[in-house]
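FYI, side chains are in, hydrogens and waters are out, and symmetry mates aren't considered; it's all heavy atoms of this structure. In the text below, chain A, chain B and the rest are named by the order of the sequence lines, each starting its count at 1. Predicted model only: the values in this text are computed from it and were never measured.
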Amino acid sequence: MLRFLFRRILMMIPVLLGVSFVVFFMSYFTPGDPAVMILGDMATQEDIQMMHEQLKLDEPFLVQYVNYVKNIVTKGDFGTSYTTKQPVLDELLVRFPNTFKLAGLSVILSVIIGITVGIVSATRQYSILDNVATAISFIGVSMPNFWQGMMLIIVFSVWLGWLPPSGFSTPMHWILPAVTIGTSSAAQIMRMTRSSMLEVIRQDYIRTARAKGQSERIVIWRHALKNALIPIITVVGLSFGRLLGGAVLTESIFSIAGIGKLMVDAINMRNYPLVQGGVLFIAIVMSVVNLIVDVLYAYVDPRIRTQFTTNSIRKKIRLGEVGDE
Amino acid sequence: MRDKLLEIKKLKVIYSTDGKVVEAVNHIDLEIHKGEALGLIGETGAGKTTTALSILNLIPNPPGKIVEGEICYNGQNLLKLSQKEMRAVRGNKISMIFQDPMTALNPVMTVGDQIAEVIRLHQKMPRNEAYIKAQEMLETVGIPGNRLKDFPHQFSGGMKQRVVIAISLACNPELLIADEPTTALDVTIQEQVLDLMEKLQKEFNTSLLMITHDLGVVAEVCETVAIMYAGEIVEYGTIEQVYNDTKHPYTRGLFDSIPKFHEDVKRLKPIKGQMPNPAHLPVGCNFADRCPDVMPKCRESEPVVIDVGQNHLVKCYKYVDGGDQA
């Protein structure tokens, strides 16, 4: 298992190098001079020239890229934001807790709702309950987040005055944004849980469990759910990863200082170091989430676990560490 | 005669889908005595598995439903029990071995967990004792006890079926229903599994309902045999009665379709035709269309079951009024 983890972490390196190169390449060749953006339209030619030298913008592309990667690897330095003059990493780390909290809350909410409703739907297929849940989930999937967010603000903040419309400081502030994002991913998780469970509860081993005299509740929650979990974990992992990259629209509507909003602002300002750092950061987060998902697969399904161990055994045999038996 | 353990009376099971009603099991009667091994033979779709699932009240509903009849176990009608009472019977008093060992075990639970589960459920044992018992069961069916923590995918098909047998015998049931336990296994493993079942049946003094389409399996393991055709039992008797003094034309057809070693057989002799569509059963005898000895009245009304001697039951007009008219 440790070997597997180590290998998976090594595999992240080429991915991240690729991402950094593509992002660096794209921002380098995007029209628009960062020096002009920083100094404003009124800057003189000399000022701009000086700024170019200061930011080392005149060096060849590859030199700039290699320096960039070198700084990250050796010093953990992602560059300096043009606008605030703060290190990019600090800017990202200041915003990340908000994004993480929002993503975490939304995912917890959507997992609780999605899995419960999905299971009930599957065990009572085509009942009224199932049909209602299906209808609501379709509404949940098709409702755009920004619209849903605004509706929630209108109802709960403007009309009822129960919850604050913007900000992210107290738990009261967390509710509306988390519900906005959570409901739409809950709908996805619910659909996935339902179809996955429907497949599993028709399997022979479920009948075996019933034939043992096991109660229906345990048959569903212990025997069936664990077998149905793999596709559910995939969906949850994907939506968690996506949310950690920042929920741009939701963050904007609720004025949450998160990664998504930061990125959009950075792109508008041509704040290249921040854009590059941000994308790289999101790529790292996404890779870590994927790694966690892979580990969860192995935890849930012993057949996948065996693959890991047999792979490493095979390698040992090749290396002559284990004698043939 | 030994005591009756299970008595099925006039059982009728239907499956209804999209307005179509399929009569899967049609008024069958069966008896199993204590310690007896009864073979239930029939071709695919004859209603064997449905009969077995009815006994445990595990017919998937919808679409299936038991519409008539009684299933008496030690004099108690199982169909009248509540879900909770029924759960105390399943796996404990009556347990079942399923057809396909490849899919009958939960792939994400260790075999130890799966054996111990049924023990803990019915014998209220503490966890560690249940695992010790599970290990004993595993050894009883010929698997080393240290494989308790292995998962089903680490076992071969024959070993998986042994695990299934261990689960079904863990609570020392009075009745074991084996639904084609060897169909999915190759012949050498079949022999091992059958020997094991026979040995354990004697050892635990369990009654056995062996469902199969293999006449050889029944001859090896069972004392009595029931031949099922299109949801009905057409012939019932001891092995000697049915195998040596075959009465029903369908049963004879089954035996004739086995190639004989001492004759030079060029072609197999199948029973001609197909089993009738259970959604549209004919008016008279269900076998009339394929029967070599068919008579006009076979197509008019259903024959009744008659005793041709010493509880050898046949459902055929040939033997009504004692006259063999063929």
Is any side-chain heavy atom of [X] less than 4.5 Å from a side-chain heavy atom of [Y]?
X      : Y      : result
B:L208 : B:E198 : no
A:I189 : A:I232 : yes
B:Q154 : B:R147 : yes

Apply side chain to side chain donor-acceptor pair (under 3.5 Å) to the pair A:Y205 and B:Q114, showing each step before the final yes or no. CA-CA 10 Å; A:Y205 51 81; B:Q114 298 189 56; over 6 Å; no
Interchain contact, [X] with chain A, by part (heavy-atom threshold 4.5 Å):
X      : answer
B:Q83  : neither
B:I97  : neither
B:L58  : side chain
B:I177 : neither
B:S95  : neither

Can we say A:E216 and A:R210 salt-bridge, meaning some charged N sits less than 4.0 Å from an Asp/Glu carboxylate O?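 Result for this pair is yes, salt bridge flagged.
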I'd like to verify something: which residue of B:K84, B:M96, B:M109, B:M86 has the highest number of heavy-atom pairs under 4.5 Å with chain A?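 Of B:K84, B:M96, B:M109, B:M86, B:M109 has the most heavy-atom pairs under 4.5 Å with chain A.
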Please determine, among A:I218, A:I206, A:V300, A:N227, the option with the most heavy-atom pairs under 4.5 Å with chain B.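 It is A:N227.
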More than 12 heavy atoms of other groups within 6.0 Å of A:K226 NZ: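 Buried by this count: over 12 neighbours within 6.0 Å.
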